[in-house]
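Only heavy atoms go into these numbers, but all of them, side chains included; no hydrogens, no water, no symmetry mates. Indexing begins at 1, ligand by ligand and atom by atom, following the structure's order.
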Amino acid sequence: MTTKPSRRAYVETYGCQMNISDGELMEGILERSGYHIVRRPEDADVVLVNTCAIREHAEKRVLGRVSQLNGLKRDRPEMVIGVTGCMAQRMGSTLLEQAPYVDIVMGPDGYRGLPETLSQLETRRAAPPGSESPELFLDRARTNGIEVVGEGRKRGPQLAVLQLDMDENYQGLEQRRANGPSAWVPIQRGCDHRCTYCIVPYVRGGEKNRSADEVLTEVRGLAEQGVTEITLLGQTVNSYVWEDLPFPELLRRVARVDGIRRVRFTSPHPRDVNQELVEVMATETAVCEQLHLPAQAGNNRTLKRMLRRYTVETLLEKVEMVRAAVPDIALSTDIIVAFPGETDAEFRDTLELMRRVRFDDAFTYKYSLRDGTPATRLPEGDFIDPDEAQARLAELIEVSREIQTEINRSEVGRIEEVLIEHEGRDPGQLRGRTRRNKVVVFDGDPMRIGSYAHAKLERTTGATFVGTEVETARRVTASV
Ligand code: SAH
Ligand code: SF4
Ligand code: F3S
């Protein structure tokens with residue numbers, strides 16, 4: 001125990017599911033060392049902003065938010081502000097300089113030592129001037145991987161924990177999960193790819209997989225607590241391998257855990273979508289009929305320059321293979337437009353890919369330059385004018401929305417199993433997801449949240465459905 005039990009902590013997370021899951025991990029670590037987790041920064045002694053670095057826009061938003069949170073320090077100067085996650089790792093002490101009111105920056109491999117770091121900060125702040133030389137404090141802190149960056153008279157000590165550690169396996173650390181029917185389970189951290197636009201390998205380090213036994217023990221424990229839906233997480237989740245157990249086998253074992261009714265996984269890398277995986281998806285009833293297949297582009301020259309390690313042709317083969325085995329599968333994708341050097345004709349190839357595959361959903365982005373990534377070294381003239389990039393994005397969004405609406409319209413009338421996740425926007429409304437990951441709202445009692453229902457899809461707004469609940473012979477309403 002390194003801190004007083006009365007301390008209150010608040011964690012606010014941005015970014016991908018992996019990062020949200022890390023936010024839960026930090027809450028778990030803090031709770032176990034005596035912190036009380038609160039839901040509002042106003043109520044907290046320690047405020048952690050868990051950040052994303054994937055695009056410039058994401059970082060700008062977070063910096064704005066951190067500065068806003070600094071306003072809380074006016075009344076409570078002793079409050080601690082920490083910035084964690086990918087942007088903290090990327091910016092390091094630059095962030096402490098840019099935002100002098102930030103007390104701690106901590107990258108993703110530092111979370112185990114979070115209570116220790118907070119207590120070091122507290123000790124240092126409480127030390128009467130001259131009681132310990134900065135050098136001595138520095139030495140002590142360094143042994144814990146903590147670097148003291150600033151030691152300004154006004155701002156007090158600023159600590160940085162930025163080592164990426166291939167040996168940090170996160171073993172024994174537990175997430176603090178909100179009670180509910182769904183849980184995210186990280187099975188892999190970091191990434192061994194080097195897609196030329198992407199910052200992730202630099203802020204999260206190389207691929208590290210968790211032991212299959214540990215994953216399965218966790219899933220069994222979650223099932224015993226009433227969780228029925230599991231999402232396995234990793235940056236290239238299907239590249240997972242533990243000893244000689246490959247991802248499809250792990251997926252099969254997770255799907256067979258008693259009490260687990262739905263299993264999803266994200267994000268798979270298209271290159272590692274193989275026959276074994278598809279077979280498990282087709283045969284294990286708990287594995288949902290949904291696959292995220294991040295294409296990024298629909299042109300071979302662009303894919304090559306992105307270092308994606310597949311071609312349009314092999315990607316299409318994978319799509320066919322998956323659809324042959326799981327005919328009703330819902331496919332989603334990620335696309336980047338205006339990668340440096342992308343010509344208009346190459347962009348049109350991406351639109352063509354969208355029309356050929358007809359993804360149920362697409363997450364679309366404008367290329368964002370990330371310092372330190374290989375694409376930054378492309379010739380200056382290759383970088384695409386922001387207006388042109390915006391126009392391409394708008395066109396892509398239009399095409400993908402049109403396809404989505406057409407697909408969803410054709411699904412009106414179906415009866416789907418829905419896992420009720422929370423209340424809808426309107427009073428008396430519930431919101432949930434089908435196995436194919438489509439959102440449905442329908443009227444019902446909030447007491448039903450966490451249980452399964454069947455809903456007839458009555459109409460679509462384009463992206464989501466409005467349904468009515470129906471009785472079916474197979475209906476199960478096991479409450480969690
Ligand atoms: N590991 C996942 C991707 C994680 S990042 C995978 O390989 O699929 C999520 C998405 O953000 C990526 O799929 C990509 O479409 C987008 N992205 C990543 N870096 C980007 C950048 N520099 N600019 C724009 N979009 C980017
Ligand atoms: Fe980034 Fe590529 Fe790794 Fe995905 S696979 S995290 S896009 S480097
Ligand atoms: Fe962002 Fe880090 Fe995830 S950069 S997308 S939070 S891995």
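- Looking at ligand 1, you'll find an N or O of Asp334 within less than 3.5 Å of one of its N or O atoms.
- The proximity of Tyr197 to ligand 1, defined as any non-hydrogen pair under 4.0 Å, involves the side chain as well as the backbone.
- A salt bridge is absent between Glu416 and Arg435: the closest approach of a Lys/Arg side-chain nitrogen to an acidic carboxylate oxygen does not fall below 4.0 angstrom.
- Between the side chain of Asp22 and the backbone N or O of Leu25, no donor-acceptor pair lies under 3.5 Å.
- Taking a cut-off of under 4.0 Å to the non-hydrogen atoms of Tyr367, the atoms of ligand 1 that pass are 23 (N), 24 (C).
- For Arg55 and Tyr365, the positive end sits near the middle of the six-membered ring, less than 6.0 Å away and at most 45° from its axis.
- When non-hydrogen atoms are compared, ligand 1 lies under 4.0 Å from neither the backbone nor the side chain of Arg271.
- Between Phe383 and Tyr367, the ring planes lie tilted relative to each other; the angle falls in the 30° to 60° range.
- With hydrogens and angles ignored, the 3.5 Å screen pairs no side-chain donor or acceptor of Lys208 with any backbone N or O of Met166.
- Contacts with ligand 1 closer than 4.0 Å are made by heavy atoms of both the backbone and the side chain of Gln235.
- Nearest to atom 24 (C) of ligand 1 among the protein's heavy atoms is Lys366 O, 3.3 Å.
- Side-chain contact of Asp272 with Asn238: a donor-acceptor pair under 3.5 Å is absent, judged by distance alone.
- In this structure, the ring of Phe247 has its center less than 6.0 angstrom from the ring center of Phe265.
- Looking at Arg392 and Glu346, no side-chain N of the basic residue comes within less than 4.0 Å of a carboxylate O on the acidic one, giving no salt bridge.
- Using a 4.0 Å cut-off to heavy atoms of Pro201, the atoms of ligand 2 that qualify are 8 (S).
- Not a single heavy atom of Gly85 sits less than 4.0 Å from an atom of ligand 3.
- Checked by atom type, the side-chain pair Glu279/Gln275 shows no donor-acceptor distance below 3.5 Å.
- With atom 5 (S) of ligand 2 as the reference point, the heavy atom nearest to it among Thr373, Thr236, Asp334 is part of Thr236.
- Listed by number with element, the atoms of ligand 2 under 4.0 angstrom from any heavy atom of Gln235 are 6 (S).
- Counting protein heavy atoms only, atom 8 (S) of ligand 2 is closest to Cys195 N, 3.5 Å.
- Judged purely by atom type and a 3.5 angstrom limit, Gln158 uses its side chain to pair as donor or acceptor with the backbone of Val102.
- The nearest protein atom to atom 4 (S) of ligand 3, hydrogens excluded, is given as Ala53 N, 3.2 Å; this is a heavy-atom distance.
- Gln188 and Gln235 are not linked by any side-chain donor-acceptor pair at a separation below 3.5 angstrom, with hydrogens and angles left out of the test.
- Cys198 lies close to atom 1 (Fe) of ligand 2, since one of its N, O or S atoms is found at a distance under 2.8 Å.
- Remark: ligand 1 and Arg370 share no N or O pair separated by less than 3.5 Å (distance only, no angle test).
- Evaluated by nearest non-hydrogen atom to atom 7 (S) of ligand 3, the leading choice among Gln89, Met18, Gln235 is Gln235.
- Residue side and main chain included, Cys16 places no N/O/S atom under 2.8 Å of atom 1 (Fe) of ligand 3.
- Scanning the protein heavy atoms around atom 1 (Fe) of ligand 3, the nearest turns out to be Cys52 SG, 2.4 Å.
- Heavy-atom separations between Thr236 and ligand 1 are all 4.0 Å or longer.
- With hydrogens and angles ignored, the 3.5 Å screen pairs no side-chain donor or acceptor of Thr434 with any backbone N or O of Glu417.
- With respect to atom 2 (Fe) of ligand 3, the closest heavy atom belonging to the protein is Cys86 SG, 2.2 Å.
- Proximity annotation for atom 17 (N) of ligand 1: of Arg55, Glu56, Arg204, Arg55 comes nearest, heavy atoms only.
- A salt bridge links Arg253 to Glu249: at least one charged side-chain nitrogen sits closer than 4.0 Å to a carboxylate oxygen.
- The shortest contact between atom 14 (C) of ligand 1 and any protein heavy atom is with Gln296 OE1, 3.4 Å.
- For Ile54, heavy-atom contacts with ligand 1 shorter than 4.0 Å involve the backbone as well as the side chain.
- Remark: Arg177 engages Glu218 in a salt bridge, criterion side-chain N to carboxylate O under 4.0 Å.
- Figure legend: Arg189 and Tyr170 shown as a cation-pi pair, the cationic atom lying under 6.0 angstrom from the six-membered ring centre and within 45 degrees of its axis.
- Ligand 1 lies out of reach of His269, whose nearest heavy atom is not under 4.0 Å from it.
- Residue, atom and distance of the protein heavy atom nearest to atom 7 (S) of ligand 2 are Tyr197 OH, 3.3 Å.
- With Asn300 as reference, Glu313 is the one residue of Glu313, Arg308, Arg305 to meet the side chain to side chain donor-acceptor pair (under 3.5 Å) rule.
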Could you walk me through whether Asp165 and Arg112 pass salt bridge (Lys or Arg N to Asp or Glu O under 4.0 Å), step by step? CA-CA 12 Å; Asp165 181 1; Arg112 188 185 291 276; over 6 Å; no

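- Here the heavy atom of the protein found nearest to atom 23 (N) of ligand 1 is Ser368 N, 2.9 Å.
- At a 4.0 Å heavy-atom cut-off, ligand 1 does not touch His193 at all.
- Of all protein heavy atoms, the one lying nearest to atom 7 (O) of ligand 1 is Arg308 NH1, 3.6 Å.
- Using a 4.0 angstrom heavy-atom cutoff, Arg308 counts as in contact with ligand 2.
- Enclosure of atom CZ in Arg358 by more than 12 non-hydrogen atoms of other residues, nucleotides or ligands within 6.0 angstrom is indicated.
- Protein heavy atom at the shortest distance from atom 8 (O) of ligand 1 is Pro294 CG, 3.1 Å.
- Shown in contact with Arg204 at under 4.0 Å from a heavy atom are these atoms of ligand 3, numbered in order with element: 2 (Fe), 7 (S).
- If you check which protein heavy atom lies closest to atom 3 (Fe) of ligand 2, you get Cys191 SG, 2.3 Å.
- At a 4.0 Å heavy-atom cut-off, ligand 2 does not touch Ser267 at all.
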